[in-house]
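Heads up: numbering here begins at 1 and tracks the sequence.
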Amino acid sequence: GNILYFAATTPQGNGVWRTDGTETGTKAFTFMREVINDVAYANEQLFVVDSINRLHIINLIDDTVEIIDLSNRLNLYRVNTPSTYLHPLNDLIIFQGTNSSGEREIWRTDGTPSGTFRLTNLANISGRQEIRYRISHNNLLFFTIRDEDGYQLWRTNGTESGTYALTDPAGEVVYYGGSDYATLGAS
(Lines give C-alpha, C1' and ligand atoms only; values in the text may rest on other atoms or scores of the structure.)
Protein backbone atom coordinates (compact mmCIF):
# COMPACT_ATOMS: atom_id res chain seq x y z
CA GLY A 1 0.00 0.00 0.00
CA ASN A 2 0.89 3.57 0.64
CA ILE A 3 2.62 3.11 3.99
CA LEU A 4 6.16 4.26 4.75
CA TYR A 5 8.03 2.44 7.52
CA PHE A 6 11.02 4.12 9.16
CA ALA A 7 13.17 4.02 12.30
CA ALA A 8 13.10 6.80 14.89
CA THR A 9 14.38 7.28 18.42
CA THR A 10 12.00 9.20 20.67
CA PRO A 11 11.66 9.60 24.45
CA GLN A 12 9.57 6.39 24.33
CA GLY A 13 12.50 4.43 22.87
CA ASN A 14 13.85 3.03 19.60
CA GLY A 15 10.90 2.46 17.35
CA VAL A 16 9.84 1.26 13.97
CA TRP A 17 7.25 3.76 12.83
CA ARG A 18 4.69 3.82 10.04
CA THR A 19 3.00 6.69 8.26
CA ASP A 20 0.51 7.21 5.47
CA GLY A 21 1.60 10.86 5.27
CA THR A 22 -1.01 12.19 7.65
CA GLU A 23 -0.69 13.16 11.32
CA THR A 24 -3.29 10.62 12.40
CA GLY A 25 -1.69 7.94 10.25
CA THR A 26 1.77 8.37 11.79
CA LYS A 27 2.49 6.16 14.80
CA ALA A 28 5.03 3.87 16.39
CA PHE A 29 4.56 0.35 15.12
CA THR A 30 6.87 -1.43 17.59
CA PHE A 31 9.77 -0.63 19.89
CA MET A 32 13.08 -2.45 20.20
CA ARG A 33 15.75 -2.44 22.90
CA GLU A 34 18.60 -1.44 20.58
CA VAL A 35 18.88 1.56 18.25
CA ILE A 36 17.68 0.69 14.75
CA ASN A 37 20.28 1.18 12.00
CA ASP A 38 18.30 0.15 8.91
CA VAL A 39 14.80 -0.88 7.85
CA ALA A 40 13.81 -2.48 4.52
CA TYR A 41 10.55 -3.98 3.22
CA ALA A 42 10.13 -7.13 1.13
CA ASN A 43 7.63 -9.97 0.92
CA GLU A 44 5.11 -8.55 3.48
CA GLN A 45 7.88 -8.22 6.07
CA LEU A 46 10.12 -5.55 7.55
CA PHE A 47 13.78 -6.40 7.91
CA VAL A 48 15.56 -4.48 10.67
CA VAL A 49 19.23 -4.24 11.63
CA ASP A 50 19.86 -3.07 15.18
CA SER A 51 22.86 -1.21 16.62
CA ILE A 52 24.63 -4.43 17.56
CA ASN A 53 24.26 -5.61 13.96
CA ARG A 54 21.61 -8.30 14.43
CA LEU A 55 19.04 -8.94 11.70
CA HIS A 56 15.40 -9.04 12.82
CA ILE A 57 12.25 -9.75 10.84
CA ILE A 58 8.93 -8.13 11.67
CA ASN A 59 6.05 -10.00 10.04
CA LEU A 60 3.29 -7.61 8.97
CA ILE A 61 0.31 -9.92 9.15
CA ASP A 62 -2.99 -8.39 10.29
CA ASP A 63 -1.08 -5.54 11.98
CA THR A 64 0.42 -7.96 14.51
CA VAL A 65 4.13 -7.90 15.24
CA GLU A 66 6.28 -10.98 15.52
CA ILE A 67 9.96 -10.10 15.89
CA ILE A 68 12.34 -12.89 14.90
CA ASP A 69 16.09 -12.55 15.53
CA LEU A 70 17.27 -14.23 12.35
CA SER A 71 20.96 -13.92 13.28
CA ASN A 72 20.49 -16.40 16.13
CA ARG A 73 18.97 -19.00 13.80
CA LEU A 74 21.89 -19.05 11.37
CA ASN A 75 25.68 -19.29 11.35
CA LEU A 76 25.57 -15.49 11.09
CA TYR A 77 27.50 -13.57 13.69
CA ARG A 78 26.45 -10.10 12.54
CA VAL A 79 25.27 -7.96 9.65
CA ASN A 80 28.24 -5.88 8.53
CA THR A 81 28.77 -2.16 8.79
CA PRO A 82 29.48 0.55 7.67
CA SER A 83 27.68 -0.28 4.42
CA THR A 84 24.00 0.42 4.10
CA TYR A 85 22.81 -2.82 5.57
CA LEU A 86 19.83 -4.14 3.63
CA HIS A 87 19.37 -4.16 -0.15
CA PRO A 88 15.89 -5.06 -1.49
CA LEU A 89 15.76 -7.20 -4.65
CA ASN A 90 12.29 -8.31 -5.73
CA ASP A 91 10.90 -10.27 -2.73
CA LEU A 92 14.36 -10.73 -1.20
CA ILE A 93 16.77 -8.79 0.96
CA ILE A 94 20.48 -9.00 0.08
CA PHE A 95 22.99 -8.14 2.81
CA GLN A 96 26.58 -8.59 3.85
CA GLY A 97 27.22 -10.61 6.98
CA THR A 98 30.04 -12.09 8.98
CA ASN A 99 29.85 -15.75 9.96
CA SER A 100 30.97 -17.09 13.34
CA SER A 101 34.44 -17.78 11.87
CA GLY A 102 34.87 -14.08 11.05
CA GLU A 103 34.53 -14.48 7.26
CA ARG A 104 32.57 -11.85 5.32
CA GLU A 105 29.83 -13.19 3.08
CA ILE A 106 26.96 -12.06 0.87
CA TRP A 107 23.60 -13.39 2.12
CA ARG A 108 19.98 -13.33 0.99
CA THR A 109 16.73 -13.81 2.84
CA ASP A 110 13.06 -14.03 2.04
CA GLY A 111 12.29 -13.96 5.77
CA THR A 112 12.21 -17.73 6.27
CA PRO A 113 15.00 -19.94 7.64
CA SER A 114 15.02 -22.07 4.47
CA GLY A 115 15.06 -18.96 2.26
CA THR A 116 18.01 -17.42 4.12
CA PHE A 117 21.45 -18.52 3.06
CA ARG A 118 24.90 -17.44 1.99
CA LEU A 119 25.32 -16.51 -1.68
CA THR A 120 29.10 -16.24 -1.66
CA ASN A 121 32.06 -16.05 0.71
CA LEU A 122 34.39 -13.08 0.25
CA ALA A 123 37.42 -14.65 1.97
CA ASN A 124 39.38 -14.76 -1.32
CA ILE A 125 39.08 -10.98 -1.80
CA SER A 126 41.89 -9.01 -0.18
CA GLY A 127 41.14 -5.65 1.36
CA ARG A 128 38.10 -4.29 3.20
CA GLN A 129 35.49 -6.54 1.52
CA GLU A 130 32.58 -4.18 2.05
CA ILE A 131 29.50 -3.76 -0.12
CA ARG A 132 29.13 -0.24 -1.42
CA TYR A 133 27.38 1.50 -4.30
CA ARG A 134 24.33 -0.55 -5.33
CA ILE A 135 21.37 -0.35 -7.67
CA SER A 136 18.61 -2.74 -8.71
CA HIS A 137 17.99 -3.08 -12.43
CA ASN A 138 16.18 -5.76 -14.49
CA ASN A 139 15.75 -8.14 -11.51
CA LEU A 140 19.45 -7.89 -10.62
CA LEU A 141 21.24 -6.10 -7.83
CA PHE A 142 24.53 -4.51 -8.94
CA PHE A 143 26.94 -3.58 -6.19
CA THR A 144 30.62 -3.06 -5.52
CA ILE A 145 32.92 -4.88 -3.14
CA ARG A 146 35.97 -2.95 -2.08
CA ASP A 147 39.29 -4.76 -2.34
CA GLU A 148 42.88 -3.51 -2.15
CA ASP A 149 42.74 -2.24 -5.77
CA GLY A 150 39.37 -0.47 -5.74
CA TYR A 151 35.70 -1.38 -6.13
CA GLN A 152 34.95 -4.64 -7.95
CA LEU A 153 31.61 -4.57 -9.75
CA TRP A 154 29.36 -7.52 -8.80
CA ARG A 155 25.83 -8.65 -9.58
CA THR A 156 23.32 -11.02 -8.05
CA ASN A 157 19.90 -12.35 -8.95
CA GLY A 158 19.48 -13.78 -5.44
CA THR A 159 20.93 -17.22 -6.23
CA GLU A 160 24.37 -18.66 -5.51
CA SER A 161 25.12 -19.27 -9.19
CA GLY A 162 23.89 -15.80 -10.12
CA THR A 163 26.20 -13.96 -7.69
CA TYR A 164 29.61 -13.07 -9.05
CA ALA A 165 32.10 -10.36 -9.96
CA LEU A 166 31.68 -8.97 -13.47
CA THR A 167 34.58 -9.51 -15.85
CA ASP A 168 35.48 -8.11 -19.23
CA PRO A 169 35.85 -10.35 -22.34
CA ALA A 170 39.49 -11.06 -21.36
CA GLY A 171 38.37 -12.35 -17.95
CA GLU A 172 39.66 -9.35 -15.99
CA VAL A 173 37.62 -8.10 -13.04
CA VAL A 174 35.74 -4.88 -13.82
CA TYR A 175 36.41 -2.05 -11.37
CA TYR A 176 33.81 0.64 -10.79
CA GLY A 177 35.10 4.20 -10.87
CA GLY A 178 32.28 6.45 -9.70
CA SER A 179 29.60 6.82 -7.10
CA ASP A 180 26.47 6.86 -9.28
CA TYR A 181 24.83 4.53 -11.78
CA ALA A 182 22.60 5.36 -14.71
CA THR A 183 20.13 2.93 -16.22
CA LEU A 184 18.54 2.90 -19.62
CA GLY A 185 15.33 1.06 -20.38
CA ALA A 186 13.18 -1.03 -18.04
CA SER A 187 14.15 -1.10 -14.40
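- Here R118 pairs with E105 under the side-chain hydrogen bond (donor to acceptor under 3.5 Å, both in side chains) rule; sequence neighbours left out.
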| field | Verdict with supporting geometry, Y164 and T120, side chain to side chain contact (heavy atoms under 4.5 Å, CB included) | value | CA-CA 8 Å; Y164 51 84; T120 189; over 6 Å; no
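- Hydrophobic clustering of Ile, Leu, Val, Met, Phe, Trp and Tyr side chains at less than 4.5 Å, counting indirect connections, keeps W107 apart from L92.
- Between the N14 side chain and the R33 main chain, a donor and an acceptor come within less than 3.5 Å of each other.
- Between the side chain of R108 and the backbone N or O of F95 there is no donor-acceptor pair closer than 3.5 Å.
- Under the 4.5 Å side-chain heavy-atom criterion for Ile, Leu, Val, Met, Phe, Trp and Tyr, F117 and L89 are members of the same hydrophobic cluster.
- Looking only at distances, a side-chain donor or acceptor of N157 sits under 3.5 Å from a matching main-chain atom of T159.
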| task | Dump the intermediate steps for side chain to side chain contact (heavy atoms under 4.5 Å, CB included) on F143 and T156, then the final yes or no. | result | CA-CA 8 Å; F143 57 95; T156 186; 3.9 Å; yes
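- The minimum heavy-atom distance linking L46 with V16 is given by the pair CD1-CG1, 3.7 Å.
- The hydrophobic cluster containing L140 also contains L166, counting ILVMFWY residues as joined when their side-chain heavy atoms lie under 4.5 angstrom apart, directly or transitively.
- In this structure a side-chain-to-backbone donor-acceptor pair under 3.5 Å is missing from T9 to G15.
- Contact between S136 and P88 at its shortest, heavy atoms only, is OG-O, 3.3 Å.
- Contact of the Y151 side chain with the L153 side chain is not registered, since no non-hydrogen atoms from C-beta on lie closer than 4.5 Å.
- At least one donor-acceptor pair under 3.5 Å links the side chain of Q45 to the backbone N or O of D110.
- The residue from T109, L141, L86 that alone fulfils the side-chain contact (heavy atoms from CB on, under 4.5 Å) condition with I94 is L141.
- With contacts defined as side-chain heavy-atom distances shorter than 4.5 Å, the pair Q152/V174 does not qualify.
- Not counting sequence neighbours, the partners of T22 by the side-chain contact (heavy atoms from CB on, under 4.5 Å) test are D20, T24.
- Within the model, atoms CD1 of I145 and CD of Q96 stand 6.5 Å from one another, a figure rounded to the nearest 0.5 Å.
- For the pair I3/T19, no side-chain contact is recorded, criterion being any heavy-atom separation below 4.5 Å from C-beta on.
- The two atoms that bring G158 and L119 nearest to each other are O-CD2, 3.6 Å, heavy atoms only.
- Tracing side-chain contacts under 4.5 Å through hydrophobic residues (I, L, V, M, F, W, Y), one reaches I58 starting from Y41; they form part of the same cluster.
- Residues satisfying the side-chain contact (heavy atoms from CB on, under 4.5 Å) test with Q12, not counting sequence neighbours, are T10, F31.
- Rounded to the nearest 0.5 angstrom, R155 CZ and F142 CZ are separated by 6.5 Å.
- Following chains of ILVMFWY side-chain contacts shorter than 4.5 Å, one cannot reach L4 starting from F47, and the two form parts of different hydrophobic clusters.
- Shortest non-hydrogen contact noted between W17 and K27 is CE3-C, 3.2 Å.
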